[in-house]
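Step one of this worksheet: look at the structure below.
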Amino acid sequence: MRYLPLTPDDRRDMLRVIGASDIDALFRDVPEAARLPGPIAGLPHHMPEMLVERELGALAAKNVPAGAGPFFVGCGAYKHHVPASVDHLIQRGEFLTSYTPYQPEIAQGTLQYLFEFQTQVARLLAMEVANASMYDGSTAMTEALFMGRRVTRRKKYLLSGGTHPHYVSVAETLTRFTDDEVVSFEPALTPGAPGDDLAALIEAIDGETAAVVVQNPNLFGHVADLSELAAAAHAKGALLIAVVTEVVSLGAIRAPGEMGADIVVGEGQSIGNGLNFGGPYLGLFATREKYMRQMPGRLCGETVDANGKRGFVLTLSTREQHIRREKATSNICTNSGLCALAFTIHMSLLGEKGLRHLAELNHARAVQVAERLAAIPGVSLMNDHFFNEFTVMLPISGRPALRAMAEMGVLGGVSLGRLYPARADLDHGMVIAVTETVSDDDIDKLDKALRELVK
Amino acid sequence: MRYLPLTPDDRRDMLRVIGASDIDALFRDVPEAARLPGPIAGLPHHMPEMLVERELGALAAKNVPAGAGPFFVGCGAYKHHVPASVDHLIQRGEFLTSYTPYQPEIAQGTLQYLFEFQTQVARLLAMEVANASMYDGSTAMTEALFMGRRVTRRKKYLLSGGTHPHYVSVAETLTRFTDDEVVSFEPALTPGAPGDDLAALIEAIDGETAAVVVQNPNLFGHVADLSELAAAAHAKGALLIAVVTEVVSLGAIRAPGEMGADIVVGEGQSIGNGLNFGGPYLGLFATREKYMRQMPGRLCGETVDANGKRGFVLTLSTREQHIRREKATSNICTNSGLCALAFTIHMSLLGEKGLRHLAELNHARAVQVAERLAAIPGVSLMNDHFFNEFTVMLPISGRPALRAMAEMGVLGGVSLGRLYPARADLDHGMVIAVTETVSDDDIDKLDKALRELVK
Amino acid sequence: LEEPLLFEKGSPDRCGVDLPPVPAVASRLGGLDRHRPIGLAGLAEGEVVRHFTRLSRQNYAIDMGIFPLGSCTMKHNPRLNEKMARLPGFGDIHPLQPQDTVQGALELIHRLADWLCKLTNMPAVSMSPKAGAHGELCGMLAIRAAQEAKGDARSVVLVPESAHGTNPATAAFCGYRVEDIPANAAGRVDLAALKARLGPDVAAVMITNPNTCGLFEPDMIDICAAVHAAGAFVYCDGANFNAIVGKVRPGDLGIDAMHINLHKTFSTPHGGGGPGSGPVVFSAALAPFAPLPFVEHQHGRFELIEEEQAHASAAHDHSFGRMVAFHGQMGMYVRALAYIMSHGADGLRQVAEDAVLNANYILARCKDVMSAPFGDSGPCMHEALFSDDFLEGTGVSTLDFAKAMIDEGFHPMTMYFPLVVHGAMLIEPTETESRANLDQLIEVLRGLALAAKAGDSARFAAAPYHAPRARLDETLAARKPVLSWREPAPAAAAE
Amino acid sequence: LEEPLLFEKGSPDRCGVDLPPVPAVASRLGGLDRHRPIGLAGLAEGEVVRHFTRLSRQNYAIDMGIFPLGSCTMKHNPRLNEKMARLPGFGDIHPLQPQDTVQGALELIHRLADWLCKLTNMPAVSMSPKAGAHGELCGMLAIRAAQEAKGDARSVVLVPESAHGTNPATAAFCGYRVEDIPANAAGRVDLAALKARLGPDVAAVMITNPNTCGLFEPDMIDICAAVHAAGAFVYCDGANFNAIVGKVRPGDLGIDAMHINLHKTFSTPHGGGGPGSGPVVFSAALAPFAPLPFVEHQHGRFELIEEEQAHASAAHDHSFGRMVAFHGQMGMYVRALAYIMSHGADGLRQVAEDAVLNANYILARCKDVMSAPFGDSGPCMHEALFSDDFLEGTGVSTLDFAKAMIDEGFHPMTMYFPLVVHGAMLIEPTETESRANLDQLIEVLRGLALAAKAGDSARFAAAPYHAPRARLDETLAARKPVLSWREPAPAAAAE
């Protein structure tokens, strides 16, 4: 077996050194009833690399990749072009096959990029400090709720209606057995500004509220000014937690930190990371300096070594489970290191100029598509303001429409019916994402497919 | 432009340091008539990575890759499975983006693997010394002829009829303006042993002959014992040069060095390297120790550093063009470094055990296919003995038959009509290569397609 | 040459990408344009490649040498797995595409789930947890949901001393009170103490097996029986599954839930700290409470069940909800399945045997000069545990010893864990190390142990001497945290 | 830790691949089975990855820092190009597949050929040569074929002193006698001397432009005219095309043939010494003699013309034959075309400008402390040439100076070449180095020059001090060559 270097001779010699009669002597603590006499029956045996490649290749070929044709699916994960150098660099063995940097003297490579990552994320979100990443956007949001509780010592959260319904589900799941109170607002279908009802949210903030959570751009693509909401929350002693699922938007629209948010979480997949059918992704987490010590997750900090040279270490780990056990801030033990690296590399390639260009391009393409589709009889555009994603209402049900479009080779968007199966009034809705990867030809095909379906 | 780090400010400042008014001042030696005023007209301007990828991807999609279906094409280039770790390792920047190891203190990585490569090649070919690779098998063969001249001080070469016709062409081209005499034998259609007429070759060796060249397995797949030929050549003071285009065969059949060859050259593509539409490939070159100083190409040798540590350097470079200019052994300046690395890695994975297994598997599959096809009425198998490639005669012309099979999705082999357009008697011939990548299903499809065509 | 920070090299007007021009359209941003500078630094592509290549060279990694961190299972990461995960059919599909366009992906998840169930002899598995600790959470939430469904509110979770630190953190996160169970002299759970503590307030026992001393719990079947008899559940931390995969099926021991770290046992790369993946297998009692989503195979089609309302199926009608936005770590699933298929049932068994053999070899060859607290109680499993007894009076600490290993070209073992033992050193070689590598490591360990005893304290005092950095001041980092780069004050900037 | 040789680590019974079982068949090997051991060493996959990863870390590379080797054009190698070359549609197609199944590949070759013709303003190009020197051979063979076709046998090729060493070697290989043409005081070809030597015996002049002093030949048009008037051809060595691409078209100067190193100007990676690729552009006079094969576009289809007999087309009826077995370096074509498309006509022009700007910046900033023999005659092109005059009396040689650069973290420049200048140091920064990188290099050069002058000879005497190896004994290597590994004698093997 190609990964196992011991030869039968090695095994025999080593058993002799150990003083064991055979390998099973080393497993003598296993209760006899649980000892398997041989390989588990009914499972295949080892397979050559060539055949594994052939079998998995056949499975992969049964899927329709985003790059294969017109693609407009978004709602929390986005198809962007990632430069080839990103994947090349993250595959360097020194990054790919290293562990959590517990020995900083021989892990400065990882630590320095984490420090760069934290700096990029903080600046992108217009906050002061960021952590070294979390599992994904949804778990980052839930951690933000718990942090809100630690900061405010309150336990009621208001979740805006434009927040990704899966993110809301995760928050509801993880507070199911705690005494936290999650108030999830239903999405509003306000013409021109679908998703949130900011006025209602503001209205609901009270002296018990730990935090208000709002996504921007929201699930429906709408972009909003959060300043008023922030002010209202602060007036009641509550925090504003902002969620960003499409971080490319921050190259064009004001960051939550500029609008008064106290904690900003996000899904960083758009930069440097592929779609991967939902994971691994990259949770972003940033906050104000004053709340730094309440922040969950791993943190990398600057220091000096014994010779006075600058260096980096994991820090503030006194909050962590391996020191505090049951008193830890959270039970999180890993981050999304390699995804964070991909983000950092891609962002270094983009820089200020590239990110702004990319964001403008996304927006302009989305405007072009929105205008094209709004011109189709029966199709109505729900958004006045959006970044690279918007909602349309069709004269027909969205979910079967998308399946029919897929058969025409067009992956046309996400149906609101899939995300909100209980909301009959959203059944005809569809969210369409448009990134820089969309070509003119793709737009023509989407337009044609949609016209075909609604005629 | 993404690869150019100078900003307009940098350029302005640097021109000031230089004391030049503008960039064109630096090009003042160019005759005015030849100065272009701007970008060459009629050519496209710079293009985003995403669009280059899209355009080249579209070109790639117009080709039928070997991996896409049943594939039996050989004759000097072979489809083998290359483990993923090979390509991963050769892409490490320290290998990929380094130069010829002219500064050995900071190039031991390259030098050590070249030393390992030379050792592997020498052992594989059963010779004593090997060089650090050449462009490909065909140019290696021509260099062997010239080396034969240096060793024997004679200038007549006999090229066997089973030698790859493209290799013969290259030798003829490169001796066209020298006083060397190349005698190319026509391929013989001897039943059971197509290709060479060893008796005629032996007959032709005379006191003027510098070297006899014979390929094994030959172009038609036949494998022969070269011992008698070697003895005959040596008896007349000539060298035996053996050519191997499928080095996997050496895991199963006796190496030329074991049969008396004085120089062995080969195409090393089969180990570690892809088909690449013909290049880059990997020329192997090995000989007896006594002829070492007549060997062309780069050589890596062991030595010690100033502290007595073992190390490696390029050596015997007194034969090379940068020192001897017009008196150099050859004008070759590069080798196939990265292809040699891929070979070395793949060979390290295989080892003795793996290479022998691979060779046995190739042979066994080829025997299976040969027996299947020989059972088709009208199809006759020409070879008694072969490794993983053999020749069949069809009742129809081979070249259109292959085109027709390609339309059925089967890349069935190489027609002798393509390789020997002037030989009407070979027009119905087809050479079929069978490697470990061929599945049972592939064999069924080949069988079916061929039956369809000849019925 | 020291590599500066990205922000010290780059500038806002440099860029390593080219993009198509922006078509002229009327903005729909609603006046929310970002005007202020973001503060990002850009570089040309070549500079980026060089920056990160240079950074990478400051790291130690499994590709460079043995990485004997106990409990972390740093084994060889096959490159085939990387290649497979990057096939467009896996890497370039969206979690919300129509299911008919991702049948191969769903089939892959289903196939991996099937392997995990069969390797553990457990009837159900929840794939979505994103890491081991996330899996623990998943398992404990299912336990809590199951008990609440019965109206059986319990408040205490028992955790042995030898458990991973995440175990108590997880239990606390689920609202439980945590109580420790002591280890016995042989480094195992004290069965009597456990039995004594069981009662109607105990919801579950969280147990790590093989435990963090690298030992198998011989009483595991009895423990499970006792816990079940008390109406509680057994959660097993599967981080050390590598020691027994293919040799022992945890389901045969009686456990109710266990997470499996795909990034340990099944070799998805650790990537400097993640991403991981922690599917959880469940007993029949807990299966109905497993979280959404899951993949079912019905009528020749694979279906992703993601909404309680729309697809409530009998097998999952008590699902406690959703743990992540989408369907978990697809990229890790592909790698893990490639690894599992490559080994097969026979190869995985060999994995466990070789992992255990390698650890025992180290234990056997070092215990005369180091101190093996449980060395006399028999063989270890996949990791060898030493205490710092042998350093007593030398002035050398476990930390010093570990740092001195760096100077010998090796990554240190896990230090000061498990807590059961003083100054612990936990060494897990894994099955992918050759005997020659083990011998090298053993020579280093023995050499250092003898040097410490011989009083060569200079070799340890400020080690490492030959690393990219000397020891770093962690106290300074924590006291005055600097978590992101700021432009130096103008005076300093002038250089 | 020193990395041993593969053969010292591996063994015949270890293996890093798994293969399907061998079906039982009757052997058809004719009794030629290989019985004796081959002597190959095998390793498990993880060990192989580690071995080559460790080896790689002994190398310096462009990914790690500036590689200022004059005449080698070590520029950034974009990773996009690597990705494109590995598309199955390019990397996994066979040279002898039916042409209908490789239309995209043929189109790509045709498209690259078109770019090369337009960038040089030459009517034809032969793609197949495998490297620069191979391209030279191709060009000279065409010249010889053209003259023989006219019955005009000529025997001499003139080569200026400043030519690459391959030029005279190539001419000699084609059966010509080589004569040197001296350089004038400004480092250029002495036009008068050249004109004086021209005559009916001269077949060709091989000239490098920009030449190896990094200077443009201002008389190039006159040289070509004079050579043509004498009935001879001008071969131009295109290794330095990077300096003028997009700024000057060699065809406008009057040359007849020139090779283009795709691995220099168009950034296909050098890979530690190859593979390269050296297409040759031809004037109308030489085009009919170009070698097979070539790609033609006819009736919407791309055709690979590979046999003289079958496809003799008017344009190529005098082809001198075939230079390689198949169609040249497809893998390099893909990379080069990706690079060319990425830059476009505007970007390539910028390449030349930035390459020249960077070299002149180094020249301007170093010439006060180093000696620039042609520094007064005006700007250089893409490389800056220094002589060792400034080291006179210091006891430091060019070699010492270069080795001392290694200790500063930089790869040395080209040493002792061109031969025109004593103790030459030839520095080619390329366009992909930032100003900050150049400033770092300049500081090192200046610092070393001043240190040498200040008498700090210890810093140079045995440099490098901080590299994986100290200076290696090249004489020993050449005197007693050891070119492959042998098992140590039994006594030594016992360790």
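Chain naming here is simple, since letters A, B, ... match the order of the sequence lines and numbering starts at 1 in each.
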Side chain, backbone, both or neither: which part of A/Val129 has a non-hydrogen atom closer than 4.5 Å to chain C?
-> side chain
Approximate separation, where rounding is to 0.5 Å, of A/Leu275 CG and C/Met330 CE | 12.0 Å
Residue part contacting chain A, namely of C/Gln97, when any heavy atom lies under 4.5 Å = both
Verify, without hydrogens or angle tests, whether A/Glu352 (side chain) and C/Leu40 (backbone) share a donor-acceptor contact under 3.5 angstrom.
-> yes
Does any heavy atom of chain A fall under 4.5 Å from the side chain of C/Arg349, the backbone, both, or neither of them?
-> side chain
Side chain, backbone, both or neither: which part of A/Leu355 has a heavy atom under 4.5 Å from chain C?
-> side chain
Test item: C/His270 side-chain N/O and A/Thr100 main-chain N/O as donor-acceptor pair under 3.5 Å = no
When only pairs under 4.5 Å are counted, which of A/Thr173, A/Thr97, A/Thr303 shares the most heavy-atom pairs with chain C?
-> A/Thr97
Hey, which of A/Thr119, A/Leu338, A/Ile23 has the most heavy atom pairs under 4.5 Å with chain C?
-> A/Thr119
Measure distances from C/Asn360 to the heavy atoms of chain A and classify the residue's part below 4.5 Å as side chain, backbone, both or neither.
-> both
Which atoms of C/Phe67 come close to chain A, meaning under 4.5 Å heavy atom to heavy atom: side chain ones, backbone ones, both, or neither?
-> side chain
Turns out that what part of C/Leu215 lies under 4.5 Å from chain A's heavy atoms comes down to neither
Against chain A, label C/Ile406 side chain, backbone, both or neither, depending on which of its atoms sit under 4.5 Å from a heavy atom there.
-> side chain
Go through A/Lys79 and C/Asp92 one step at a time and tell me if the salt bridge (charged side-chain N to carboxylate O under 4.0 Å, His left out) criterion holds.
-> CA-CA 8 Å; A/Lys79 167 78 177 165; C/Asp92 190 31; 3.0 Å; yes
Give a yes or no on whether a salt bridge exists between A/Arg92 and C/Asp63, defined as a side-chain N under 4.0 angstrom from a carboxylate O.
-> no
Between A/Arg11 and C/Asp354, is there a side-chain N and carboxylate O pair less than 4.0 Å apart?
-> yes
Decide, yes or no, whether a salt bridge links A/Arg176 with C/Glu148 under the criterion of side-chain N to carboxylate O below 4.0 Å.
-> no
Tell me, for C/Pro468 versus chain A, whether the close heavy atoms (under 4.5 Å) come from the side chain, the backbone, both or neither.
-> both
Contacting region of A/Ala370 [heavy-atom separation from chain C under 4.5 Å] | neither
Applying ring pair (Phe, Tyr, Trp, His ring centres under 6.0 Å), run through A/Tyr102 and C/His411 and close with a yes or a no.
-> CA-CA 10 Å; A/Tyr102 288 143; C/His411 195 282; 9.0 Å; no
For C/Leu87, what residues pass the side-chain contact (heavy atoms from CB on, under 4.5 Å) criterion, not counting sequence neighbours?
-> A/Ala60, C/Met84, C/Phe90
Whatever's closer than 4.5 Å to a heavy atom in chain C on A/Ala66 counts as both
Measure the shortest side-chain to side-chain distance between C/Val351 and A/Met1 over non-hydrogen atoms and say whether it is less than 4.5 angstrom.
-> no
